Amino acid sequence: MKSRIAVAGALLAVAGAAGAAEISATATIASEYDWRGITQTQGEPAFQLGLNYGADTGMYMGVWGSNVNFGREDWEVFGARPSTEIDVYLGYVFGDPDEFLGYDIGAIYYSYPNAGENNFPEVYAGISKGPFSLKGWYSWNFAGSGDTAFYIDTNLTLPVANGFSFLVHGGYSGAEYHNNRWGNTSGQGEYLDWSLGIAYDVDDWTAAFKFVDGSDLGSN
């Protein structure tokens, strides 16, 4: 189990000509970058930037980047030592999570500029109701392995008072890949991850502290 501290801020929000269309940018400083319960920086801090465009039709797109460090075991898997992750995504949201249900569908492409053979796509679909969300992800070429993988996660963001919220996350990874981003060549890619945390929002800034655990990976 590891703790993670993150501070994120909205750098800009520019309203477009089409009503609710908006361009926004965010910056995050985190004590560690975890992805589905697994560290992506080996205990090192992460600096992350994102740029997003959301149209009033519900369509959105963006790009997001972070530094990464997968550890020495994974250098042979990647064929090079990745130092940067850059993701691009495109999606569509509709419905109303406050009145009934909200829906989110889309696709994302993970890329590592100096380890390109391990770039890979995912598609996703999710629903949300109030503070609760459920989403499924699927890749037909996970981490460039040629094998399939899926991920299911649930998230609860429960406002408390005075800008504070409780954060609850649970996820399940299932895969058939034999040569993955964590250097696991056993072909066993099923594990659970979870996190608990608290966030504080003030103006355009959010500070969060989380306990993250993806150690069930080691038991498979």
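Please read these numbers as outputs of a predicted model, since none were measured by experiment.
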We want to know whether [X] and [Y] form a side-chain donor-acceptor pair, criterion being a heavy-atom distance below 3.5 angstrom.
X	Y	value
Thr206	Asp201	yes
Asp193	Tyr151	yes
Glu32	Thr39	yes
Gln42	Asn69	no

With rounding to the nearest 0.5 angstrom, report the [atom1] to [atom2] distance, [X] to [Y].
X	Y	atom1	atom2	result
Arg36	Ile152	CZ	CD1	11.0 Å
Asn119	Tyr112	CG	OH	8.0 Å
Ser165	Leu158	OG	CG	7.5 Å
Phe209	Ile198	CZ	CD1	10.5 Å
Ser24	Leu51	OG	CG	7.0 Å
Leu134	Ile127	CG	CD1	5.0 Å

Does the ring-ring contact (aromatic ring centres under 6.0 Å, His included) test come out yes or no for Tyr92 and Phe94, once each step is laid out?
-> CA-CA 7 Å; Tyr92 179 66; Phe94 56 101; 5.4 Å; yes

Mark yes when over 12 heavy atoms from residues, nucleotides or ligands other than Phe166 sit less than 6.0 Å from its CZ; otherwise mark no.
-> no

Ring-ring centroid check Phe150 Tyr138, cutoff 6.0 Å |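 No.
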
Do the two ring centres, one from Trp35 and one from Phe70, sit under 6.0 Å apart?
-> no

Between [X] (side chain) and [Y] (backbone), is there a donor-acceptor pair under 3.5 Å?
X	Y	answer
Asp153	His169	no
Asp213	Trp194	no
Thr41	Tyr33	yes

In this structure, which one of Trp137, Tyr109, Tyr89, Tyr103 forms a ring pair (Phe, Tyr, Trp, His ring centres under 6.0 Å) with Tyr124?
->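 Result: among Trp137, Tyr109, Tyr89, Tyr103, Trp137 is the only option passing the ring pair (Phe, Tyr, Trp, His ring centres under 6.0 Å) with Tyr124.
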
For Asp96, the side chain to side chain donor-acceptor pair (under 3.5 Å) test, sequence neighbours excluded, returns none

Do the side chains of [Y] and [X] get nearer than 4.5 Å, heavy atoms only?
X	Y	value
Lys129	Pro97	no
Asp87	Trp64	yes
Ser31	Pro45	no
Tyr110	Glu85	yes
Phe47	Asn67	yes
Asn52	Tyr60	yes

Work out which heavy atom in [X] is nearest to a heavy atom in [Y]; give both atom names and the distance.
X	Y	result
Glu190	Gly174	CG-CA, 4.0 Å
Gly146	Asn141	N-OD1, 2.6 Å
Ile38	Gly214	CD1-O, 3.7 Å
Ser139	Phe120	OG-CD1, 3.7 Å
Val212	Gly37	CG1-CA, 3.9 Å

Same cluster for Leu167 and Val202 if Ile/Leu/Val/Met/Phe/Trp/Tyr side chains link at under 4.5 Å?
->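 As far as the 4.5 Å side-chain criterion goes, Val202 and Leu167 are not connected within one cluster.
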
Can you tell which of Ile86, Val88, Thr84, Asn118 makes a side-chain contact (heavy atoms from CB on, under 4.5 Å) with Ser111?
->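 Output: one option passes, namely Ile86.
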
Please walk me through it: do Trp140 and Asp147 pass side chain to side chain contact (heavy atoms under 4.5 Å, CB included)?
-> CA-CA 6 Å; Trp140 54 94; Asp147 294 317; over 6 Å; no

Output yes when Glu122 and Lys135 qualify as a salt bridge under the 4.0 Å nitrogen-oxygen rule, no when they do not.
-> no

